[in-house]
Structure formats: C-alpha cells, structure tokens
Amino acid sequence: MCATCGCSDDAAVHSHADDHSHAEGSHTVVLEQDVLAKNDHLAGHNRSRLRDLGVFAVNLMSSPGAGKTTLLEQTVHALGASVPLAVVEGDQETLLDADRIKASGAPVVQINTGAGCHLDATMLSRALDTLAPARGSVLFVENVGNLVCPALFDLGEAARVVIMSVTEGPGKPLKYPHMFASTDLVLLNKVDLLPYVSFSVPEFLHDLRHVNPDARVVEISATRGDGLDEWYGWLRRRPDRG
Amino acid sequence: MHEMSITQSVVDAIVSRLGDAEVRSVRLEIGRLSGVVPDSVRFCFDVVCAGTSLQGAELEIDEPPGRAACRDCGAEFGIDDPILLCACGSANVEVLAGRQLRIKSVEVV
C-alpha cells in the first residue's frame with residue numbers, strides 16, 4: 001500500500017495530481033524522524049552520565065580569537081586548587097590549545113574535528129571516555145571557534161557560555177542570533193581595550209536583548225582580570241539550565 | 001558548514017531505518033527558524049549519498065514558516081527571521097513553529 005495516499009495499487013505506475021507520484025514498484029515510507037535525533041539521544045546520555053558524576057559541564061563557544069583559551073588558563077590558575085577542573089578542547093587541527101591548558105595544570109583531551117566546524121555529542125562521549133573527569137568537577141568544553149555551527153548541536157552540557165570580545169565589532173548578536181539566543185551567559189571579553197576600539201557596550205546589550213532577554217552578561221578582561229571574580233562565582237554556583 | 005553533518009545525519013538515519021533498500025527520493029522539512037540552509041543541504045546531498053543506497057535520489061525540501069507568541073502582549077505572529085521581535089517591541093517571545101528539522105518520508109524501490 002502507498003503510505004502517502006493509501007491506495008493499494010503499489011505495483012502500477014501511477015501519479016497523483018496533489019503532491020506525489022510512484023514509479024513502478026516504488027512506495028513511500030513515512031519516517032517523521034528528527035534529523036538530530038541521534039545526536040540529541042547521545043547528548044541525553046552524556047547529560048545523565050555527567051549528572052551522575054556530579055560534573056558541571058559548560059559548553060564554551062565564541063569566534064576564533066575571542067579569548068576562550070586565555071580565560072580557561074586564568075580559570076585553572078584561580079580555581080584549580082579548590083575545584084577539580086577538566087577541559088575538552090575542540091579545534092580543527094593541532095594540539096596548541098591542549099598544550100596551553102596542560103601547562104596550566106588541568107587534565108585535557110584534544111578533539112580535532114578535521115574539516116568539521118563544531119563538536120557533536122558523539123565526540124564529547126568519546127572525550128569523556130578518555131578524560132574520565134573527577135567526581136564533582138567542572139568540565140569546560142571549548143568548542144570549535146565559530147559563531148554559527150556549534151549553536152545547533154546539544155552536547156549534553158549543563159550550561160552554555162558565549163565569549164564575545166569588544167574587538168570583534170558591534171552587531172554580533174543580530175548577525176549570529178542562533179548562537180546568542182541559545183546561551184545562558186555572555187562573557188564580554190577584552191573590556192580593557194574599550195578605550196581603543198569603536199564598541200558601544202549599551203548598544204551591544206540592546207542588540208543582545210533582541211535575541212535573548214534572559215542571558216546573564218559579565219564584562220571581563222581575561223588578561224587584566226576585570227570581572228573574573230563574578231565569572232568564578234557563577235561557576236561555583238553551577239546554574240544548571242535544567 | 002554544519003549542513004554537511006546535518007545531511008550526513010539524514011543519510012545515516014535513512015540507511016539505519018531502511019537498510020539496503022534503494023531510495024528514489026527523500027522529503028525533508030527544514031523550518032525557516034531552524035538555522036539550517038536548504039540550499040546548502042541540497043549542495044551536500046549528492047556528495048553524501050554517493051556510494052550509498054541513496055545514490056541518485058532526489059531531494060525535496062519543504063520549508064514551513066515560523067510562528068511565535070509574545071509573552072508580554074499575547075499576540076501570535078508569523079516570523080521567518082531568527083530575530084524574534086514582537087510588533088509591541090518585546091523580545092520575550094516563544095517560538096511555536098519553524099524550528100523543525102525532520103525527515104518526513106522516503107520513496108523506496
């Protein structure tokens with residue numbers, strides 16, 4: 001039987017004026033399946049696995065060069081002695097960022113995506129097998145530097161953080177609305193450079209509210225230290241998106 | 001370009017459900033607020049299908065419009081742009097439709 005129109009004549013060549021036709025011997029199978037169902041299913045597994053271990057997993061996303069790795073180095077130096085931390089590094093190639101994190105003293109696993117522009121739930125699952133984060137730790141997942149693709153893929157994280165630097169210029173929340181709409185926290189980085197660049201913090205906040213009325217914003221300088229205590233406070237509170 | 005992995009997920013899901021059955025066409029639904037570009041999926045489709053039971057299959061894509069409701073003024077409105085602003089000026093908006101990314105059906109031989 002044709003699953004689309006219900007006609008019983010599936011052996012004959014026939015067509016329908018509305019929206020479909022059959023060649024001889026073919027039939028339609030209705031799937032009604034979410035394209036990302038497999039990823040979301042695996043992300044659910046990652047989420048329960050992390051929750052069972054009491055691990056707070058943070059998906060860190062930004063453009064390349066916004067300061068993710070520098071922020072992580074500072075965070076490991078500041079909190080590493082009191083909170084167990086672990087890092088998953090996502091880049092297309094090289095171990096450069098993983099080497100920096102390792103030097104700062106946190107356990108790290110590097111995932112190279114090759115041509116891929118984002119991490120997915122399978123990649124995080126494999127990284128967890130290798131990294132085995134300690135019970136009660138904070139796990140940072142440094143996603144591939146890209147404001148487009150990572151927004152679409154649930155990894156099983158408890159919270160999402162977007163880092164945006166003032167040197168990137170205005171308009172980013174409106175230009176990349178999917179990324180800014182999906183985040184719990186925005187870290188506005190490199191505020192020490194505000195006197196030297198054309199960037200209006202009030203305009204940025206105004207644009208951000210158009211795509212995400214709820215995200216918390218912290219202004220930071222990962223190199224000079226501004227705002228980092230507030231970032232550490234947020235991490236210690238572990239505000240799980242639920 | 002995340003459309004390459006999206007398209008790979010489509011092909012993997014179909015092969016996983018239908019095994020070796022020869023697929024003649026695939027119908028997808030890509031909502032206008034989904035963040036996925038239909039033309040990019042079309043571009044990737046032939047490449048990803050090569051050497052699989054979907055090789056040579058046609059791709060049909062429906063693009064259902066977005067719909068949203070304002071939590072402040074209660075208005076419901078159509079929207080095809082991911083910047084979710086109600087006419088009243090509020091961005092406190094719930095998306096009702098347009099984010100779907102689904103494999104609707106396939107035609108198999």
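Keep in mind it's a predicted model, so treat the numbers as computed, not measured. Throughout, a chain's letter reflects where its sequence line sits, starting with A, and its residues are numbered from 1.
Contacts between A:His118 and chain B at a heavy-atom distance below 4.5 Å involve the side chain alone, from C-beta outward. In this structure, chain A has no heavy atom under 4.5 Å from any part of B:Val93. With a 4.5 Å cut-off on non-hydrogen atoms, B:Ser34 touches chain A through its backbone but not through its side chain. Residue contact with chain B, scored on non-hydrogen atoms closer than 4.5 Å, involves the side chain of A:Phe153 exclusively. Contact of B:Leu33 with chain A is made through the backbone alone, with heavy-atom distances under 4.5 Å. Only the side chain of A:Leu152 comes within contact range of chain B, judged by heavy atoms closer than 4.5 Å.
Taking chain B as the reference chain and counting heavy-atom pairs below 4.5 Å, the highest number among A:Pro150, A:Pro213, A:Pro173 is found for A:Pro213. Most heavy-atom pairs under 4.5 Å with chain A, from the set B:Ile30, B:Ile103, B:Asp81, B:Leu18: that is B:Ile103. Counting heavy-atom pairs under 4.5 Å between each of A:Asn212, A:Val211, A:Val148, A:Leu174 and chain B puts A:Leu174 at the top.
For the residue pair B:Ala13 and A:Gln33, the shortest heavy atom distance occurs at CB-NE2, 3.4 Å.
Atom NE2 in A:His210 sits 9.5 Å away from atom OG in B:Ser90 (nearest 0.5 Å). Annotation: the span from B:Ile6 atom CD1 to A:Leu36 atom CG amounts to 4.0 Å, rounded to 0.5 Å. Between the CD atom in A:Glu32 and the CD atom in B:Glu29 there is a gap of 7.0 Å [rounded to 0.5 Å]. For the atom pair B:Ile83 CD1 and A:His178 NE2, the distance stands at 9.5 Å (nearest 0.5 Å). Summarising the geometry, atom CG belonging to A:Leu31 is positioned 10.0 Å from atom CZ belonging to B:Arg102; distances are rounded to the nearest 0.5 Å.
Surrounding CD of A:Glu203 are at most 12 heavy atoms belonging to other residues, nucleotides or ligands under 6.0 Å away.
A heavy-atom distance below 4.5 Å is found between the side chains of B:Val108 and A:His27.
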